[in-house]
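Naming convention: chains lettered A, B, ... in sequence-line order (proteins, then strands); numbering from 1 in each chain. Side chains are part of it too, since the values below use all heavy atoms of this structure and drop only hydrogens, waters and symmetry mates.
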Amino acid sequence: MKISVMISEGPYTHQASDTAYHFTKAALEGGHEIFRVFFYHDGVNNGTRLATPPQDDRNIVNRWSELAAEHNLDLVLCVAAAQRRGIADPDEAKRNGKDADNIAPGFRISGLGQLIEAGIQSDRLVTFGD
Amino acid sequence: MKISVMISEGPYTHQASDTAYHFTKAALEGGHEIFRVFFYHDGVNNGTRLATPPQDDRNIVNRWSELAAEHNLDLVLCVAAAQRRGIADPDEAKRNGKDADNIAPGFRISGLGQLIEAGIQSDRLVTFGD
Amino acid sequence: MSQLHTVNKSPLERIALESAIKHAVKGNAILMIEDGVYGAMQGTQKSGMVTDAMGDISFYVMGPDLKARGIDEARIIDGINIIDYNGFVTLVTEHDVTQSWL
Amino acid sequence: MSQLHTVNKSPLERIALESAIKHAVKGNAILMIEDGVYGAMQGTQKSGMVTDAMGDISFYVMGPDLKARGIDEARIIDGINIIDYNGFVTLVTEHDVTQSWL
Amino acid sequence: MSDVKKFLYVNRKAPYGTIYALESLEVVLIGAAFEQDVALAFLDDGVFQLTKGQDTGEVGMKNFSPTYKALGDYDVNKIYVEKESLDARGLTLDDLLPLTYEDEDDDWAEKDSIKVVSAAEMAEIMEQSDVILSF
Amino acid sequence: MSDVKKFLYVNRKAPYGTIYALESLEVVLIGAAFEQDVALAFLDDGVFQLTKGQDTGEVGMKNFSPTYKALGDYDVNKIYVEKESLDARGLTLDDLLPLTYEDEDDDWAEKDSIKVVSAAEMAEIMEQSDVILSF
């Protein structure tokens, strides 16, 4: 089955990204296709490569990057939400006159249309948030 | 009177940072001293210079930076919370092997002791969060 | 000592206001801010909880937050004081300690 | 069509579980995850709300979240099914649409 | 028909205290271009999103409530508001923004977009949806 | 005396669903070095933070509950848990971690740190504090 996931909260503060990760992993292991993982609201904060969590805790950002690399996942950060909250890729940084970017490997920034498309193309859409 | 403020949520998603800003501004205008504004939990996300909010909305990060410049405010981001969430100054970026930093002007990164000290030194401590 | 309690959650959604009222002692003040201002409305499921507590506790509500949400002053429970950010600062200074019911 | 509702909030703190139950129709399933798992406990102020609804709705609770919070399986309301992340995926695929009560 | 899905946007949170109401509206506006069968549900504190007379000048935030009035122009005209949620909050339909659309199937007559429904009807609307986005 | 303040850390949220419990504990540990008069309050869903038997293996999060047991070593031994909050959640003191400290004024006798108090007593504890940090 084709499944998409929406994540509405950032890493660590809420469990949403953790649960979404375990759900996504279980779906992949169960032979399902993950059409897209869409990060909205504070969810875009999952896509920063500048995080350095404590050594004895999980690394939420890296875990997504690694899962994406392994399964060729499409991890999309909403551009409007990312602009508000300060998540930028090199293109966005340039366009907005910023001197740095912070997007993590395996993530890309795109529009809200990608969420709607995920809803249309997928058999199921599951939301994780606060 | 000497007042300190703690902000526990990031910009835009919760109103906490807005209310704290208006409160801080009113306190300064009322002749009070703001000993420190301490950003904890997702509050550290108020201190990124990579945000580009829509033109027709307020710029929460810049507003803090400007208030700090005007009144010589001490805006402190908790280092542990900032590391988890990907907010770094040049020193932190270097120490953690990151290729970029994203701290906004007027903010500094320091330890939780600064919050306790604010509680001890100030006549009042007011918390804004979710 | 006298305490100021701030509540920023809707009482229709969360227990913050109920808990703040339960833990305010005679002479304390409760200030409703942000989504907490819905607690100041007449005629809601939770209005009675507030009116019952008004004998012992002073209630305040942030006017700017009421306006943002389109709540007319005429709908506010009688006896609740409408203030602005300057009034918030005054409340903080007039009470010995502020507690936020997050 | 048959719907799966997920609830991730404590029923002692917020109205999400109550609202989910009110909007679940006969044959629907409710899955409690994250802080929502407190809704599966016996002997709380909100347990009755769940047991009353069990005739029409199937209830599930995430085992990993129960364990994290130190809630022994013996404390779970009889008839609530304890599942893991694989079971979550199965529930999603077996129901036509999933709604999150955030 | 098979590529038209019933999208339901569920709004259960008050405006301004959190950003969900605003960012939900942004999804609805973008989604309107996709020619799906779209409906909006307002229940619990979500009904507060539609109140008249919002004025955000003193909080310094963006007042996005006028955008709800534009939904009709985007062919988003199925707006379900739950009666029990209004009642619990002391609100009636008169307290809400008048949202209308022009019905192209009825000589462009102006009609109300808001339909007040019971919790039972709301449950049925949810049950009949293909995709539910919750904010 | 004038530079020792009564700090009260108020915990009202369940653990793991949000990070507040963990990050509150981090403040308490740092704060212990400042030699203030420290107390912790657990009420509403905050009482869930202290439950025995937490095992986070399957959710892949850090189990920080053992840290509560170390509080006594940091001279943090005034831990107030509200009875009404326990009752509403079907919990008793037996469900909570046994937290103890060694009383230096009583020949290092091991004593319980947790004191179950009524809501009225909790209100009085709050009222008597100089600084309240809420999470």
Less than 4.0 Å between a side-chain N and a carboxylate O, is that true for [Y] and [X]?
| X | Y | answer |
| --- | --- | --- |
| Lys94(A) | Asp101(A) | no |
| Arg95(A) | Asp91(A) | no |
| Arg36(A) | Glu117(A) | yes |

(request) Could you tell me which portion of Asn86(D) (side chain, backbone, both or neither) has an atom closer than 4.5 angstrom to a non-hydrogen atom of chain A? (result)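 For Asn86(D), backbone and side chain are both near chain A.
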
(message) Less than 4.5 Å to any heavy atom of chain A: does that hold for the side chain of Asp84(D), its backbone, both, or neither?
(response)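 Answer is neither: Asp84(D) stays 4.5 Å or more from chain A.
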
(request) Select one option (side chain, backbone, both, neither) describing which atoms of Ile3(A) are under 4.5 Å from chain D's heavy atoms. (result)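 Contact with chain D is through the side chain of Ile3(A) alone.
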
(message) Counting only non-hydrogen atoms closer than 4.5 Å, does His32(A) touch chain D with its backbone (N, CA, C, O), its side chain (CB onward), both, or neither?
(response)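 The answer is the side chain of His32(A).
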
(request) For residues Phe39(A) and Phe107(A), establish whether the separation of their ring centroids is below 6.0 Å. (result)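 Yes, they do, as the ring centres are separated by less than 6.0 Å.
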
(message) Quick check on the interface: out of Pro64(D), Ser100(D), Ala16(D), who has the most heavy-atom pairs with chain A under 4.5 Å?
(response)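 Top count of heavy-atom pairs under 4.5 Å with chain A: Ser100(D).
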
(request) Under 4.5 Å, counting heavy-atom pairs only, tell me which of His95(D), Gln99(D), Glu34(D), Lys9(D) racks up the most with chain A. (result)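 The option with the most such pairs is Glu34(D).
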
(request) Would you kindly say whether Ser47(D) and Thr44(D) are connected by a side-chain donor-acceptor distance under 3.5 Å? (result)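 Present: a donor and an acceptor within the cut-off.
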
